[in-house]
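What follows is one structure encoded as structure tokens, with my remarks underneath.
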Protein chains: 2
Amino acid sequence: MKKEKVLNLLKRKNVKPSVQRMEILNYIVENKNHPSVDEIYSHLNKKIATLSKTTIYNTLKILCKKNILTEILIEEDEVRFDYMEKPHIHFKCKSCNKIYDVFKKCPLINCKKIEGHKIEEYHIYLIGTCKNCYKDD
Amino acid sequence: MKKEKVLNLLKRKNVKPSVQRMEILNYIVENKNHPSVDEIYSHLNKKIATLSKTTIYNTLKILCKKNILTEILIEEDEVRFDYMEKPHIHFKCKSCNKIYDVFKKCPLINCKKIEGHKIEEYHIYLIGTCKNCYKDD
DNA sequence: TTTTAATTTGTAATTATTACAAAATTGAAA
DNA sequence: TTTCAATTTTGTAATAATTACAAATTAAAA
Ligand SMILES: [Mn+2]
Ligand SMILES: [Mn+2]
Ligand SMILES: [Zn+2]
Ligand SMILES: [Zn+2]
């Protein structure tokens, strides 16, 4: 039972740990896939039949504002969400559409300022062909 | 008259240089702002009263496919477009919403492969408070 | 000119996201 | 326990960016 983890995450940031919030956060944290709202909904709908998409949107907005989650803007048509326990960058395969975590660190990440601008967030997206799709050439 | 520049850009990539395509590309190349479809439309509508938004969408899709333009996915609700003559990264100010070009280069950009994946595109987005908004604190 | 292909245009359809108010739940006070 | 206000969830409707599509226009070829 890993429920403790998300429970503490929520408590620590003063977000009331409702059943829905726990399940949504738990799904993202445990699966480490980078789900869209629809994917979260399809999956959790099986456990919580009454779950509403609006609740998912509301919850994700709160968790992002509290810096528990981060938005991934790598797709043109939908936002994906991620739990960034340790900061990392994302690689999206054009062929299979999978989004991979990449933990090689970019020196940029240590910059607090750049050309006079104060940096508060980083989004580094790499796009190409993943190693699994590539070898099939 | 800088029309030569966009004319050549289009010819070189075998895109037929229609009036609309020339104007759309010229607007992006000359202004170096990072316009959304709506901004392109509002601006060019004054010159070409009959211009259709669908034409803008069509043209942008072609120019991106030909690697003349690139999409900037820094906003949640709309795509922006850029002419990347020399590769650079983007900084978006949370306060004034301006998107700045940053030409400091990240070593990542020289990587052709990362953790076995073949990299074809880079999107580096920094978010924070720009130098103009910051000093008002 | 006539014919054919490419491009542009306007409208309708699609779809992710947001707005909003009613219903349900929670949690403390009485 | 009951009461009651605050919070959360839910369902539906509205919004808005993008795409689909077919007719109209324009350009190129014959
Ligand atoms: Mn990730
Ligand atoms: Mn730029
Ligand atoms: Zn792949
Ligand atoms: Zn600013």
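Numbered from 1 within each chain, the chains take letters A, B, ... in sequence-line order.
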### Query
Start at the 5' end of DNA chain D and walk down; is the nucleotide closest to Thr59(A) or to Thr54(B) reached first?
Thr59(A)
### dT25(C) phosphate, OP1 or OP2, under 4.0 Å from Gln20(A) side-chain N/O
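The answer is no; no side-chain N or O of Gln20(A) sits under 4.0 Å from OP1 or OP2.
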### Query
Should Lys61(A) be listed as having a side-chain N or O under 4.0 Å from OP1 or OP2 of dT17(C)?
no
Euclidean distance, atom [atom1] of residue [X] to atom [atom2] of [N] [Å, nearest integer]:
X	N	atom1	atom2	value
Leu51(A)	dA24(C)	CG	P	17 Å
Asp38(A)	dT17(C)	CG	P	8 Å
Glu78(A)	dT14(C)	CD	C1'	14 Å
Lys53(B)	dT8(C)	NZ	P	18 Å
Ile72(B)	dA17(D)	CD1	P	17 Å
Glu75(B)	dA16(D)	CD	C1'	15 Å
Met22(A)	dT26(C)	CE	P	13 Å
Phe81(B)	dT18(D)	CZ	C1'	10 Å

#### Entry: Pairwise 5' ranking along DNA chain C for Tyr57(A) and Asn58(B), keeping only the more 5' one
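Checking each residue's closest nucleotide, the 5'-ward one belongs to Asn58(B).
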### Task
Could you pick out which residue, Glu76(B) or Thr55(B), lies toward the 5' side of DNA chain C when each is mapped onto its nearest nucleotide?
Thr55(B)
### Message
Which label fits Tyr125(B) and His123(B): parallel for a plane angle under 30°, tilted from 30 to 60°, or perpendicular past 60°?
### Response
tilted
Among [options], find the nucleotide with the atom closest to the side chain of [X].
X	options	value
Val79(B)	dT18(D), dT9(C), dT19(D)	dT18(D)
Lys16(B)	dT7(C), dA17(D), dT8(D)	dT7(C)
Ser52(B)	dT9(D), dT18(D), dT9(C)	dT9(C)

### Task
Please step through side-chain contact (heavy atoms from CB on, under 4.5 Å) for the pair Phe81(A) and His34(A), ending with a clear verdict.
CA-CA 5 Å; Phe81(A) 294 86; His34(A) 303 94; over 6 Å; no
### Task
Start with the C-alpha gap between Asn132(B) and Cys96(B), add the side-chain angles, then the distance that decides, and say whether side-chain contact (heavy atoms from CB on, under 4.5 Å) holds.
CA-CA 9 Å; Asn132(B) 297 313; Cys96(B) 65; over 6 Å; no
### Task
Remember a base hit wins even if backbone is also touched, and classify Ser18(B) as base, sugar-phosphate or nothing at under 4.0 Å, heavy atoms.
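Here Ser18(B) touches the backbone only, sparing every base.
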### Task
Would you mind classifying the nucleic acid contact of Ser36(B) as base, sugar-phosphate or nothing, using non-hydrogen atoms under 4.0 angstrom?
nothing
### Query
How about Lys113(B) and Tyr134(A): do any of their side-chain heavy atoms sit closer than 4.5 Å?
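The answer is yes, as the side chains (C-beta and beyond) meet within the 4.5 Å cut-off.
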### Query
Is a salt bridge present between Glu30(A) and Lys5(A), judged by a nitrogen-to-oxygen distance below 4.0 Å?
no
